[in-house]
Amino acid sequence: MRITPEEIIRLRGRHRGYWLTLATEVALLLLLPVAQAQIWLLAVLLILLALVLMVFVSRYSPLRKTRPLIYGLGGLAIALEVIWHLSLNLWPAVGRALTIPHVIVWLVFLSLAVLRKVKTLTREPFVTVSVVMGAASGYLLVGMAGGLLLTALWVLDPAAFDLTALPAVGSTAALPNVSVAPALMAASFTMLTTIGTSVLKTSHVGGQVVTTVITVVGQLYVAILIALILGRFRWRT
């Protein structure tokens, strides 16, 4: 397979982006306990992740048709993240009204990023360590999208959650969604690994549907990527 110098430059840039994305996701995951105490930290890490996805991955991706869409959704997600936090502190009513649009935009952005990651990985000319790291970063993106899905469920139907398994909501009534966001993000990763979580009531249908969606999507992602990598390795041999 002949690769042009321009393609090599894009390939190196994209592979660097895989490592940066994975590093950002691991940092976000490890800093969730700190984010529980510093409510602004999760927002900063999500914004950083969006910037990494746009600048270091989408920029060098061979998928050009959906590139403007990922840029637009990423920019909108970052803007809403900033506006949402400012509104919750300055204009609580506006902040509460923006909660659902904010979560939906982030959820769509991360879902599109996962789909693009899978398509990009299928077009990689070789299976290298960087490609494997890119696959791992996509798996963690599924967990983060699941955390946002749980946040949306929390906003729409708090009765689906066992409040005794969640951190106590702060005294500021305008910030309940921010206060539980790190815990819900962590719960999403436990669902992703099929361990399960106690934050959702087993008797609540909506909560069980969300749990099933996160678990199934995560397992499908792993199965598809393993088949891709093994198939590509067999093709090379």
Side-chain angles (χ1 to χ4, degrees), residues 18-37 41-42 45-46 48-50 52-53 57 103 106-122 127 129-155 157-158 160-167 177 179-231:
Y18 291 159
W19 283 97
L20 287 173
T21 303
L22 183 61
T24 305
E25 292 167 340
V26 171
L28 189 152
L29 182 59
L30 294 177
L31 289 174
L32 284 177
V34 181
Q36 188 63 55
L41 182 58
L42 182 58
L45 292 171
L46 284 173
L48 179 61
L49 176 61
V52 169
L53 287 172
V57 179
V103 171
W106 269 105
L107 188 59
V108 174
F109 170 67
L110 291 181
S111 300
L112 180 60
V114 171
L115 292 175
R116 282 174 55 87
K117 181 66 70 66
V118 172
K119 290 183 178 180
T120 301
L121 290 171
T122 60
V127 176
V129 175
S130 295
V131 171
V132 175
M133 294 301 102
S137 68
Y139 183 68
L140 294 182
L141 275 180
V142 174
M144 292 176 187
L148 293 171
L149 187 60
L150 286 174
T151 303
L153 180 64
W154 166 264
V155 174
D157 191 3
F161 294 85
D162 182 1
L163 297 182
T164 61
L166 289 171
N177 305 318
S179 301
V180 299
L184 296 181
M185 189 71 71
S188 173
F189 282 99
T190 61
M191 295 177 192
L192 193 65
T193 56
T194 69
I195 296 176
T197 179
S198 60
V199 301
L200 288 169
K201 295 179 180 177
T202 56
S203 59
H204 196 281
V205 177
Q208 294 307 306
V209 169
V210 171
T211 301
T212 302
V213 168
I214 295 173
T215 304
V216 170
V217 170
Q219 297 308 303
L220 283 175
Y221 181 90
V222 172
I224 292 171
L225 264 298
I226 289 177
L228 165 68
I229 292 174
L230 290 178

Which pair of non-hydrogen atoms, one from [X] and one from [Y], has the smallest distance, and what is that distance?
{"X": "L166", "Y": "A183", "result": "CD2-CB, 4.2 Å"}
{"X": "L107", "Y": "A145", "result": "CD1-O, 3.2 Å"}
{"X": "V103", "Y": "A152", "result": "CG1-CB, 3.5 Å"}
{"X": "A50", "Y": "F109", "result": "CB-CE2, 3.8 Å"}

Would you find a donor on one side and an acceptor on the other, under 3.5 Å apart, between the side chain of [X] and the backbone of [Y]?
{"X": "Y139", "Y": "L192", "result": "yes"}
{"X": "T122", "Y": "K119", "result": "yes"}
{"X": "S188", "Y": "L184", "result": "no"}

[X] side, atom [atom1]; [Y] side, atom [atom2] - distance, nearest 0.5 Å:
{"X": "M144", "Y": "T24", "atom1": "CE", "atom2": "OG1", "result": "8.5 Å"}
{"X": "W106", "Y": "L46", "atom1": "CH2", "atom2": "CG", "result": "5.0 Å"}
{"X": "Q36", "Y": "L42", "atom1": "CD", "atom2": "CG", "result": "9.5 Å"}
{"X": "L141", "Y": "L112", "atom1": "CG", "atom2": "CG", "result": "11.0 Å"}
{"X": "L20", "Y": "L49", "atom1": "CG", "atom2": "CG", "result": "11.0 Å"}
{"X": "Q219", "Y": "I214", "atom1": "CD", "atom2": "CD1", "result": "12.5 Å"}

Can you find a heavy atom in the side chain of [X] that is under 4.5 Å from one in the side chain of [Y]?
{"X": "V199", "Y": "T190", "answer": "no"}
{"X": "D157", "Y": "H204", "answer": "yes"}
{"X": "V26", "Y": "L140", "answer": "yes"}
{"X": "V180", "Y": "F161", "answer": "no"}
{"X": "Y18", "Y": "K117", "answer": "yes"}

| field | Partner of L150 by side chain to side chain contact (heavy atoms under 4.5 Å, CB included), out of T211, V155, L200 | value |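 Output: one option passes, namely L200.
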| Could you walk me through whether L53 and R116 pass the side chain to side chain contact (heavy atoms under 4.5 Å, CB included) check? | CA-CA 11 Å; L53 287 172; R116 282 174 55 87; over 6 Å; no
